[in-house]
Number of protein chains: 2
Amino acid sequence: MSADPAIRRDIPDATVARLPEYLRALSDVADRGISSVSSEELAQAAGVRSTQLRKDLSHLGSYGIRGVGYEVEHLALEISRALGLTQDWPVAIVGMGNLGRALAAYSGFATGGFHVAAVFDEDAALAGALVADLPISPMTDLALLVRERGITIGVIATPAASAQSVCNALVEAGVRSLLNFAPLVLVVPDDVDVRRVDLSTELHVLAFHEQRKSLPPELGVAR
Amino acid sequence: MSADPAIRRDIPDATVARLPEYLRALSDVADRGISSVSSEELAQAAGVRSTQLRKDLSHLGSYGIRGVGYEVEHLALEISRALGLTQDWPVAIVGMGNLGRALAAYSGFATGGFHVAAVFDEDAALAGALVADLPISPMTDLALLVRERGITIGVIATPAASAQSVCNALVEAGVRSLLNFAPLVLVVPDDVDVRRVDLSTELHVLAFHEQRKSLPPELGVAR
DNA sequence: GCAACTTTGTGCCCGCGTTCACAAACGCTT
DNA sequence: AAGCGTTTGTGAACGCGGGCACAAAGTTGC
């Protein structure tokens, strides 16, 4: 009845953000040899409410069996398909400082179709040095390698000072999805997606809540 | 008229998440020798709308001057105070793999009262080795050092397999704010805050949007 | 000292996301 | 085959956060 090919459109952003976690939880469950889970079990493993899980999954389609639960392998496949993990995603990392090197070596990278296809650094003196079995390329080769290797995702792991120019180079080369580790807001065209990961911001938020905990002189709200 | 001490309560989470960015934008502005900014200028530097910036700041208090703007240094101080950055925050990092070492060396750590007070690894063989001028301590010293050095924030940079046990040890030692880089949902008591940073999740979300860009056979929505 | 201009602070509305409540659907037992 | 228990899928209510419009308040110029 329902169309087979990726049917659903307009999956809410909030749902998309949780799908990777569901996928990870499913992987855990599968590793334990379990082939079927209820929304309640899976939700607990993913740290959300079961109703939320079911509503999220409902945006993908009806892949559960009422009275039983979800078939682990099948659901994992459907989520992977929705996220686009059934295809290969070559990634470029720019900035081979401590962080860039750690990212290049990060094993979690390998999960779900991603792989480091090239690494770059603005310091031409580093060119040729090996990082996780890959030679560091100079920025002048960026456009060429992006084209040759079909790179669609760029990771910026440079200092803040050079992040915008590196970003411009990536966009110029045709990369439209960026993961930014530099502590600044990048300016990009509308069709480019940027996600930012900032250690400093996370620490600040933690400090805020920690402060609230230590000085509760008034206002005893739940949180 | 208005009380001087940290007056405002219940700052929305969404606002708190943006305050660090405002602080960074203010720092940039200050570096350019500017002493006063309008909400419009500052908002642009922080990548938000000016109305949003003003509403966010209104939760802290009235620190702007109508017809003029905000005094850069004063506003930075007030945001710092709201976030709790006027005090010192000793941080412990657990897991001295590639990522842990990169984090320990990360300069952005130093901003706003944070500093790495101790680093740990479950591998006792690493004990004593220097990372960013700090000797790696064995996990058996965790409780002692947390107490001695007043550590309130813990960073988990271990593999997923050991993350939960490390988390338990940190919580047991009295740490109530955690930054988790391991790809799993930690189980913690209600009074413990956990923020998670996951490269894999970010890549998945990017892949989703990238996929949507490449295959636009139907539905020409704005996004 | 007054008027015109500028910029902040905020009340109100709207849209998104989360949760609740419940009906629909499935397996199992008798 | 029919009923019972279980679990999914979803319509509806609710609450939070963002953006608009505007009043309040301050500055500048004359």
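Here is the naming used below: chain letters follow the sequence lines, and residue numbers restart at 1 for every chain.
To the nearest angstrom, C1' of D/dG17 lies 15 Å from CG of B/L53. Across the protein-nucleic acid pair, A/L60 atom CG and D/dG9 atom P stand 10 Å apart, rounded to whole Å. To the nearest angstrom, P of C/dG17 lies 10 Å from CG of A/D10. Rounding to whole angstrom units, CZ of residue B/R18 and P of D/dG17 are separated by 9 Å. A/L57 places its CG atom 10 Å from the C1' atom of D/dG9, with the value rounded to the nearest Å. With rounding to whole Å, A/E71 atom CD is found 16 Å from C/dC26 atom P. Rounded to whole Å, atom P of D/dG9 lies 12 Å from atom CG of A/D56. Atom CD of B/E78 and atom C1' of C/dT8 are 16 Å apart (whole Å).
Between the CG atom in B/L57 and the OH atom in B/Y22 there is a gap of 6.5 Å [rounded to 0.5 Å].
Below 30°, between 30° and 60°, or above 60°: for B/F114 and A/H204 the angle between ring planes is below 30°, a parallel geometry.
Distances shorter than 4.0 Å separate some side-chain N or O of A/Y70 from OP1 or OP2 on D/dG9. When the side-chain nitrogen and oxygen atoms of A/S39 are compared with OP1 and OP2 of D/dT7, none of them lie within a distance under 4.0 Å. Between A/Q52 and C/dG17, a side-chain N or O to OP1/OP2 separation shorter than 4.0 Å is absent. Applying the 4.0 Å criterion to OP1 and OP2 of C/dT7, one finds that B/S38 has every side-chain N and O outside that range.
Between A/G67 and A/R49, the one whose closest nucleotide on DNA chain C sits nearer the 5' end is A/R49.
Residue-level contact check: B/R54 touches the bases, meaning some heavy atom is under 4.0 Å from a base atom.
Side-chain atoms of A/F120 and A/L142, non-hydrogen and from C-beta on, do get closer than 4.5 Å to each other. Counting heavy atoms from C-beta on, the side chains of B/I34 and B/E41 never come closer than 4.5 Å.
Closest to the side chain of B/D13, out of D/dG26, D/dG17, C/dG9, is D/dG17. Listed nucleotides: C/dG9, C/dC26, C/dT18. Nearest to the side chain of A/I65: C/dC26. Considering only the side chain of B/P12, D/dG17 comes nearest among D/dG17, D/dG26, D/dA21.
For C/dT7, the base has no donor-acceptor partner in the side chain of B/R66 [N/O atoms by modelled type, under 3.5 angstrom]. Residue-to-nucleotide contacts include no donor-acceptor pair under 3.5 Å from the side chain of A/K55 to the base of D/dT10.
Using a cut-off of 4.0 Å between Lys/Arg side-chain N and Asp/Glu carboxylate O, A/R49 and A/E40 are scored as not salt-bridged.
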